[in-house]
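Each residue takes its place number in the sequence, starting with 1. Keep in mind it's a predicted model, so treat the numbers as computed, not measured. The figures here come from the full heavy-atom set of this structure, side chains too, leaving out hydrogens, waters and symmetry mates.
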Amino acid sequence: FDIRDQMIQIAVAYVLNPNVYLGLSGKHIRQKIDNDSLNNNAVDVGGIIRFSDRLSVGASILNIGSAKAFIQEKDPLPTVIRTGISYDTERFLFTTDFSIDRDDTTTEAGGVELKLGPIVRLRAGALFHTTFELTGGLGIKIFSSDQTVKNPRSKRFAKSNRRKNK
């Protein structure tokens with residue numbers, strides 16, 4: 001008895017302006033049970049709008065794709081529409097999000113993060129899906145890195161390099 005699930009995903013993000021971010025990904029999904037297999041493709045889209053340094057709103061649609069039959073019956077991808085808000089202060093980050101899936105099942109969540117210094121974060125959250133759950137955790141920031149790839153021929157790249165090289 002052989003079961004396999006595989007997914008290959010390629011994503012791109014675009015900064016429309018300093019306060020608007022857009023993302024798009026395409027994925028190929030392959031499932032196999034014994035000698036039966038299914039191949040499908042899907043798309044995810046999303047965006048974030050920063051209304052200020054503290055307030056951001058985001059939305060996404062995940063698993064946009066067609067229903068395919070594994071053996072006989074067509075099974076749709078689990079499409080989800082999600083939206084969320086975050087509010088950041090010097091010491092706290094507050095978040096909330098709401099999602100609804102293809103079956104009209106809703107999920108509401110909220111959380112808070114307390115910054116205990118430059119490295120340590122204390123987190124708590126609540127999730128209501130089919131049951132109510134409370135969670136908590138501790139985060140440790142190991143490192144922070146920006147791996148942005150810039151076009152060396154762009155004027156913005158040339159200006160930023162001149163400032164760094166002085």
Side-chain angles (χ1 to χ4, degrees), residues 6-29 40-66 76-129 132-166:
Q6 299 171 322
M7 183 181 73
I8 298 171
Q9 185 170 17
I10 297 173
V12 63
Y14 182 74
V15 179
L16 194 59
N17 68 50
N19 297 315
V20 179
Y21 309 88
L22 301 174
L24 174 71
S25 74
K27 49 189 162 186
H28 177 75
I29 304 161
N40 205 348
N41 297 304
V43 174
D44 299 342
V45 296
I48 297 174
I49 298 174
R50 290 183 57 169
F51 290 101
S52 69
D53 287 342
R54 296 180 184 264
L55 179 65
S56 297
V57 175
S60 64
I61 304 175
L62 310 175
N63 295 320
I64 302 167
S66 61
L77 291 170
T79 304
V80 176
I81 299 172
R82 179 175 289 143
T83 185
I85 299 171
S86 72
Y87 187 78
D88 197 1
T89 69
E90 272 189 46
R91 296 237 351 164
F92 291 95
L93 172 65
F94 300 95
T95 63
T96 183
D97 86 45
F98 174 82
S99 66
I100 186 166
D101 66 18
R102 182 181 294 274
D103 299 324
D104 290 331
T105 303
T106 60
T107 302
E108 298 91 17
V112 63
E113 176 182 86
L114 171 62
K115 301 167 190 166
L116 297 175
I119 297 174
V120 179
R121 306 287 191 262
L122 187 61
R123 299 182 181 119
L127 171 70
F128 180 73
H129 179 57
F132 183 75
E133 299 174 31
L134 291 174
T135 63
L138 181 68
I140 299 174
K141 187 176 181 180
I142 305 289
F143 68 92
S144 179
S145 173
D146 182 357
Q147 303 298 324
T148 304
V149 177
K150 295 183 180 180
N151 180 351
R153 287 178 266 184
S154 77
K155 291 177 184 175
R156 288 172 57 187
F157 180 78
K159 285 179 186 175
S160 68
N161 272 346
R162 274 195 297 253
R163 276 184 258 144
K164 289 179 186 174
N165 294 332
K166 285 186 178 182

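Taken to the nearest 0.5 Å, the NZ atom of Lys115 stands 11.0 Å off from the CZ atom of Arg123. Interatomic distance, His28 NE2 to Ile8 CD1, rounded to the nearest 0.5 Å: 6.5 Å. Rounded to the nearest 0.5 angstrom, Thr79 OG1 and Ile61 CD1 are separated by 9.0 Å. With rounding to the nearest 0.5 Å, the separation of CG in Leu134 from CZ in Phe128 is 12.5 Å. Distance OG/Ser66 to CG/Asn41: 8.0 Å, rounded to 0.5 Å. Atom CD in Glu113 sits 10.0 Å away from atom OG1 in Thr89 (nearest 0.5 Å).
Within the 3.5 Å criterion, the main-chain N or O of Ser86 finds no donor-acceptor partner in the side chain of Thr96. Judged by distance alone, the side chain of Asp101 and the main-chain N or O of Asp103 form a donor-acceptor pair under 3.5 Å. Within the 3.5 Å criterion, the main-chain N or O of Arg121 finds no donor-acceptor partner in the side chain of Lys141. Formation of a donor-acceptor pair under 3.5 Å by the Asn63 side chain with backbone atoms of Val80 is not found in this model.
Counting all heavy atoms, side chain and backbone alike, Thr83 lies closest to Gly58 at OG1-O, 3.0 Å. Annotation for Pro18 and Arg50: closest pair O-CD, 4.5 Å, computed over non-hydrogen atoms. Scanning all heavy atoms of the two residues, the minimum distance from Asp44 to Gln9 falls at OD2-NE2, 3.4 Å. Of all heavy-atom pairs spanning Pro76 and Arg102, the tightest one is CB-NE, 3.4 Å.
The side-chain heavy atoms of Asp53 and Asp88, taken from C-beta on, include no pair separated by under 4.5 Å. Side-chain contact between Ile29 and Leu77: present, with at least one pair of heavy atoms (C-beta onward) separated by less than 4.5 Å. A heavy-atom distance below 4.5 Å is found between the side chains of Leu114 and Leu116.
The number of heavy-atom neighbours closer than 6.0 Å to CG of Leu138, taken from other residues, nucleotides and ligands shown, is above 12. The 12-atom threshold is not exceeded at CD1 of Ile119, counting heavy atoms of other residues, nucleotides or ligands nearer than 6.0 Å.
In this model, no donor atom of one side chain and acceptor atom of the other lie less than 3.5 Å apart for Arg82 and Ser60.
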